Amino acid sequence: MAAKNTIPALRLVLGGANSGKSRHAEQLIAAADRPRRYIATAQAWDDEMRAKIAQHRQQRGPDWTTVEAPLDLTEALAAAQSEEIILLDCVTLWLSNLMMAERDIQSACAALCTGLAHAPCPVIVVSNEVGQGITPDNAMARAFVKHQGHLNQDLARLAQEVIFVTAGIAQTLKSVP
């Protein structure tokens with residue numbers, strides 16, 4: 001059982017799609033022995049996504065407080081209690097939501113970083129690493145990769161721990177005591 005005062009304030013868990021990053025983040029949360037808050041950014045636009053969200057909820061079980069925040073993460077972070085631990089899953093979907101809603105990406109990302117720096121409890125952020133593939137063939141996809149890359153870099157600078165998950169295997173990239 002981890003002592004509550006030894007948990008990093010911010011951890012970033014990166015990986016590709018279906019790499020096991022969310023599962024790894026959930027394991028970190030379970031090891032923390034704190035009340036669990038899940039900030040969900042996914043929106044159920046179709047039956048497949050509704051089923052995926054339901055499966056994730058069932059998989060997590062009843063020990064989680066779930067907050068749906070597809071756009072306003074700073075408010076969701078600020079509402080947490082100091083004794084909790086937050087899993088923010090995932091900023092990649094959040095970024096997609098912002099782009100589709102034609103929000104100011106730079107301002108929203110800056111506000112997120114400020115919100116994370118002032119979160120009332122430890123936070124684990126899940127994000128996709130999208131920069132290891134080919135350059136996309138359209139302007140919106142290139143803009144997304146640019147924004148996601150910049151956001152991941154900002155989050156990695158803020159985080160005390162950065163973990164990269166590949167094929168379910170977690171590798172620590174950064175660990176600051």
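Bear in mind that the values here come from a model prediction, so they are computed numbers and not experimental data.
For the atom pair Asp46 CG and Lys52 NZ, the distance stands at 10.5 Å (nearest 0.5 Å). Taken from CZ in Phe144 to CG in Asn138, the straight-line distance is 12.0 Å, to the nearest 0.5 Å. Note that NE2 of His24 and CD1 of Ile124 are 8.0 Å apart. Values are rounded to the nearest 0.5 Å. Within the model, atoms CE of Met100 and CE of Met140 stand 5.0 Å from one another, a figure rounded to the nearest 0.5 Å. Once rounded to the nearest 0.5 Å, the distance linking CD of Glu161 with CG of Leu28 reads 7.0 Å. Annotation: the span from Thr65 atom OG1 to Ile86 atom CD1 amounts to 10.5 Å, rounded to 0.5 Å.
Cluster annotation: Ile169 and Val165 are assigned to distinct hydrophobic clusters (Ile/Leu/Val/Met/Phe/Trp/Tyr, side-chain heavy-atom contacts under 4.5 Å, transitive). Leu158 is connected to Leu88 through a chain of hydrophobic side-chain contacts under 4.5 Å among Ile, Leu, Val, Met, Phe, Trp and Tyr, so both are in one cluster. Tracing side-chain contacts under 4.5 Å through hydrophobic residues (I, L, V, M, F, W, Y), one reaches Leu116 starting from Ile39; they form part of the same cluster. In terms of hydrophobic clustering, with Ile, Leu, Val, Met, Phe, Trp and Tyr side chains grouped at heavy-atom distances under 4.5 Å, Tyr38 and Leu71 are assigned to different clusters. At a threshold of 4.5 Å between side-chain heavy atoms, the hydrophobic network of Ile, Leu, Val, Met, Phe, Trp and Tyr places Ile7 and Val13 in one connected group.
If you run side chain to side chain contact (heavy atoms under 4.5 Å, CB included) between Val91 and each of Thr41, Val126, Leu155, only Leu155 comes through.
Under the 3.5 Å distance criterion, with hydrogens and angles disregarded, a donor-acceptor pair is assigned to the side chains of Gln148 and Ser127.
In this structure, the side chains of Arg37 and Val67 come closer than 4.5 Å at one or more pairs of heavy atoms. In this structure, the side chains of Thr114 and Thr74 stay at 4.5 Å or more apart for every pair of heavy atoms. Looking only at side-chain heavy atoms (C-beta outward), Val130 and Leu95 stay at 4.5 Å or farther from each other. Between Trp94 and Val125 the shortest side-chain heavy-atom distance does not fall below 4.5 Å. Between Ile85 and Arg11 the shortest side-chain heavy-atom distance falls below 4.5 Å. Inter-residue side-chain proximity for Ile29 and Trp64 is flagged as met; some heavy-atom pair is nearer than 4.5 Å. Considering only heavy atoms from C-beta on, His147 stays 4.5 Å or farther from Cys109 through its side chain.
Although no hydrogens or angles enter the test, the distance criterion places a donor-acceptor pair under 3.5 Å between the side chain of Arg142 and the main chain of Pro136. Not one N or O on the side chain of Lys21 forms a donor-acceptor pair closer than 3.5 Å with the backbone of Phe164. Side chain of Thr92 to main chain of Asn128: a donor-acceptor pair is present (N/O by atom type, distance under 3.5 Å, no hydrogens or angles).
What you find for Lys174 and Ala159 is that their closest heavy atoms are NZ-O, 2.7 Å. Scanning all heavy atoms of the two residues, the minimum distance from Ala42 to Met49 falls at CB-CE, 3.6 Å. The two residues Arg34 and Pro122 make their nearest non-hydrogen contact at NH1-CD, 3.5 Å. Nearest approach of Ala80 to Cys121, heavy atoms of both residues: CB-SG, 3.9 Å. Across all their heavy atoms, Ala76 and Ala69 have their closest contact at CB-CB, 3.9 Å.
Under the side-chain contact (heavy atoms from CB on, under 4.5 Å) criterion, Arg57 pairs with Ile53, Arg60, Thr66, Glu68, not counting sequence neighbours.
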One pair to check against side-chain contact (heavy atoms from CB on, under 4.5 Å): Leu87 and Arg36. What are the steps and the verdict? CA-CA 8 Å; Leu87 174 53; Arg36 304 165 187 171; over 6 Å; no
Under the side-chain contact (heavy atoms from CB on, under 4.5 Å) rule, what do His150 and Ile105 come out as? Steps first, then yes or no, please. CA-CA 11 Å; His150 290 167; Ile105 304 298; over 6 Å; no
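Counted within 6.0 Å of CD on Gln58, heavy atoms from surrounding residues, nucleotides or ligands total 12 or fewer; the atom is thus considered open. For CD of Glu75, the number of neighbouring non-hydrogen atoms (other residues, nucleotides, ligands) closer than 6.0 Å is 12 at most.
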